[in-house]
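Index from 1, following the sequence. Ligands are counted one by one from 1 in listed order, and the atoms in each one are counted from 1 as well.
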Amino acid sequence: MPETNAVIVGAGPNGLVAAITLATAGWNVLVLEASPRPGGGTRSEELTLPGVVHDVCSAIHPLGLASPALRSLPLDDHGLEWLHPDVPLAHPLDGGGAALLHRSVAATADGLGADGAAYRKLIEPFVRSGFDLTDGLLSPLTVPPKHPIELARYGVTGIQPATRVARRRFATDEANGLFAGLAAHSMMSLGSLSTAGYGMMLGGLGHLVGWPMARGGSQSIADSLVGVLESLGGSVVCDAPVTSLDELPPARAVLLDLTPRQVLAVAGENLPDRYARRLGRYRYGPGVFKLDLALDGPIPWTNPDVAKAATVHIGGTMPEIAAAEDDVLRGRHPERPFVLLAQPTLFDDSRAPSGVHTAWAYCHVPNGSTADMTEPIESQIERFAPGFRDLVVARHTMATGAMEAHNANYVGGDINGGAADLRQFVARPTLGLHPWVTPADGLYLCSSSTPPGGGVHGMCGWHAANEVLRRQPLPG
Ligand SMILES: Cc1cc2nc3c(=O)[nH]c(=O)nc-3n(C[C@H](O)[C@H](O)[C@H](O)COP(=O)(O)OP(=O)(O)OC[C@H]3O[C@@H](n4cnc5c(N)ncnc54)[C@H](O)[C@@H]3O)c2cc1C
């Protein structure tokens, strides 16, 4: 048996990309995964009915397409096919209106009426900067930065609260609501610094690369990553939870696709006290309540254009979405939560038998919440699609405890590996130029608790593996 050069704990997208990056450089790598299947947040399962596939966690992947790490891999040779809906995103409003984010900035602006020009002005520079800007945003900040003009132009507006940017630029409910929904992916108060940046980035990516999903379910992202890894000689062992570094085979490097709380549980004894205390102070963000539905027809949206989009943001106007997110941050459960919904079977007939449709939905809740948000989520959908409830044939729900049981990285239901506010954007999980590197010899962090944070992009794993290659090159 060849000697193992690196062990990666956790087969999420970051762990798998870290493994692939090392295997590409000739390392012999082993990935140990606690769950029965690889993929972490990109797993799919028959949650409601036999033969009906649901994405348990991630469903929509603009970051996957934009990521320099994933772009560089031959994932399509290993079965991954991105499916693009006609429209990346729809945002319905009371009274039958809706804002639509099209691939084209011009078409989107046309639909926003009086706010069309303001939307163009906000988003067009991001789209024009293309991968120069997104590659910079997904990479560690260098001094000087690689594309200073693009970054500065984005940063001046992006650092601001979404509420302020929208108030100054938009007058219509359509543009305000659209921007609020985009910014609310941050899981922060929309009055907080940097939330405008989330809105600009996700909106800009809708134009730049689209908001695609993976044919057959997000599991095929994980499976294609495993395929690439195995083609390079690496291997993944599932049903292998790691409780201590002592259990691991000897290796030059160990990379943990874990969040700080688990890092302390698994490796705390190997870490200097000062660093361990800093990890202990790391903050987790709100959790999510997840609802998966099997339906015996497509969702009957009042505005039929909403059916052209795979992703639908449900929450109404900017003030309403901002209030719902503020409730969550104050430890309350909003009566009218902001709901993120995907309707994959409208664009992918491989996920369910003919005539059966699925809905993937979640809303934000306080960290550790035990509340059942099925009724508030369904009321929000019904509000924009009367008669939707009559179509539900099966439900599957996951409160924060079930989320964490599914994947130990979702501490208290936090799907981003830690709060993504400005402070933890800079110090993720600790302040330093190389946050993937721990003070323990050969021990690295590669989860979404390191830059650039949550989402299926694999960039945390890519940066961590590149640190390993730089610091510990294989002899010869
Ligand atoms: C409901 C929901 C919706 C989401 N929607 C999207 C979306 O649409 N688009 C998007 O880009 N992102 C989305 N995300 C976020 C995305 O899934 C995560 O940001 C991403 O998966 C993080 O990748 P990771 O590799 O850091 O960690 P994870 O994917 O969480 O992987 C960590 C892995 O480590 C394993 N593990 C944990 N502890 C141990 C241990 N002790 N020993 C061995 N293995 C262990 C876990 O089982 C898991 O497989 C969503 C997440 C959720 C939950």
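Residue Trp360 touches ligand 1 through its side chain alone, judged by heavy-atom distances below 4.0 Å.
Judged purely by atom type and a 3.5 angstrom limit, Arg43 uses its side chain to pair as donor or acceptor with the backbone of Gly40. A donor-acceptor pair under 3.5 Å links the side-chain atoms of His91 to the main chain of Gly177, judged by distance alone. A donor-acceptor pair is defined here as one N or O able to donate and one able to accept, closer than 3.5 Å; such a pair exists between the side chain of Trp211 and the backbone of Leu202. A donor-acceptor contact shorter than 3.5 Å is absent between the side chain of Ser67 and the backbone of Leu63. Listed for the Glu33 side chain is no donor-acceptor partner under 3.5 Å among the backbone atoms of Val236. Checking side-chain atoms of Thr195 against main-chain N and O of Ala162 turns up a donor-acceptor pair under 3.5 Å. Side-chain atoms of Thr4 do not come within 3.5 Å of backbone N or O of Ala251 as any donor-acceptor pair.
Considering backbone and side-chain N/O of Glu33, one or more are found under 3.5 Å from N/O of ligand 1. Taking any N or O of Ala59, backbone or side chain, at least one lies under 3.5 Å from an N or O belonging to ligand 1. On a distance-only criterion, His61 and ligand 1 share no N/O pair closer than 3.5 Å.
Annotation: atom 29 (O) of ligand 1 to nearest protein heavy atom, Gly41 N, 2.7 Å. Nearest protein neighbour of atom 19 (O) of ligand 1, counting heavy atoms only, is Gly455 N, 2.7 Å. Scanning the protein for heavy atoms near atom 31 (O) of ligand 1, the closest one is Gly12 CA, 3.2 Å. With hydrogens left out, the protein atom closest to atom 14 (N) of ligand 1 is Ser58 CB, 3.8 Å, a heavy atom. From the protein, the heavy atom lying nearest to atom 43 (C) of ligand 1 is Ala34 N, 3.3 Å. Closest protein heavy atom to atom 53 (C) of ligand 1: Ile415 CG2, 3.1 Å. The shortest contact between atom 30 (O) of ligand 1 and any protein heavy atom is with Asn407 ND2, 2.7 Å. The protein heavy-atom contact nearest to atom 26 (O) of ligand 1 is Asn14 ND2, 2.8 Å.
Proximity of Asn416 to ligand 1 is not established, as no heavy-atom distance is less than 4.0 Å. Close to ligand 1: Ser35, with a non-hydrogen atom less than 4.0 angstrom away. Ligand 1 lies less than 4.0 angstrom from a heavy atom belonging to Ile60.
Within ligand 1, the atoms closer than 4.0 Å to a non-hydrogen atom of Ser448 are 26 (O), numbered from 1 in the order shown. Each of the atoms 37 (C), 38 (N) of ligand 1 lies under 4.0 Å from some heavy atom of Gln262. Interface atoms of ligand 1 facing Pro13, defined by a heavy-atom separation under 4.0 Å, are 21 (O), 23 (O), 25 (O), 29 (O). Those atoms of ligand 1 that come under 4.0 Å of a heavy atom in Gly40, given as number and element, are 29 (O), 31 (O), 48 (C), 49 (O). For ligand 1, the atoms closer than 4.0 angstrom to any heavy atom of Leu258 are 36 (N), 37 (C), 38 (N), 39 (C), 45 (C). Each of the atoms 19 (O) of ligand 1 lies under 4.0 Å from some heavy atom of Gly454. Listed by number with element, the atoms of ligand 1 under 4.0 angstrom from any heavy atom of Tyr362 are 3 (C). Proximity to Val242 (heavy-atom distance under 4.0 Å) selects the following atoms of ligand 1: 40 (C), 41 (N), 42 (N), 43 (C).
Distances from atom 11 (O) of ligand 1 to the heavy atoms of Val456, Leu340, Thr450, Thr243 put Val456 nearest.
Defined by atom type and a distance below 3.5 Å, a donor-acceptor pair is present between the side-chain atoms of Gln262 and Thr259. For the 3.5 Å distance criterion, the side chains of Asp55 and Ser218 qualify, holding a donor opposite an acceptor. When only modelled atom types and interatomic distance are considered, His357 and Gln343 share no side-chain donor-acceptor pair under 3.5 Å.
A heavy-atom distance below 4.5 Å is not found between the side chains of Asp292 and Arg395.
Figure legend: Arg471 and Tyr444 shown without cation-pi pairing, the cationic atom not lying both under 6.0 angstrom from the six-membered ring centre and within 45 degrees of its axis.
With respect to Arg383 and Glu320, a salt bridge is recorded, a charged nitrogen being found less than 4.0 Å from a carboxylate O.
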Glu404 vs Thr400, test: side chain to side chain donor-acceptor pair (under 3.5 Å). Steps then yes/no. CA-CA 6 Å; Glu404 194 171 333; Thr400 63; over 6 Å; no
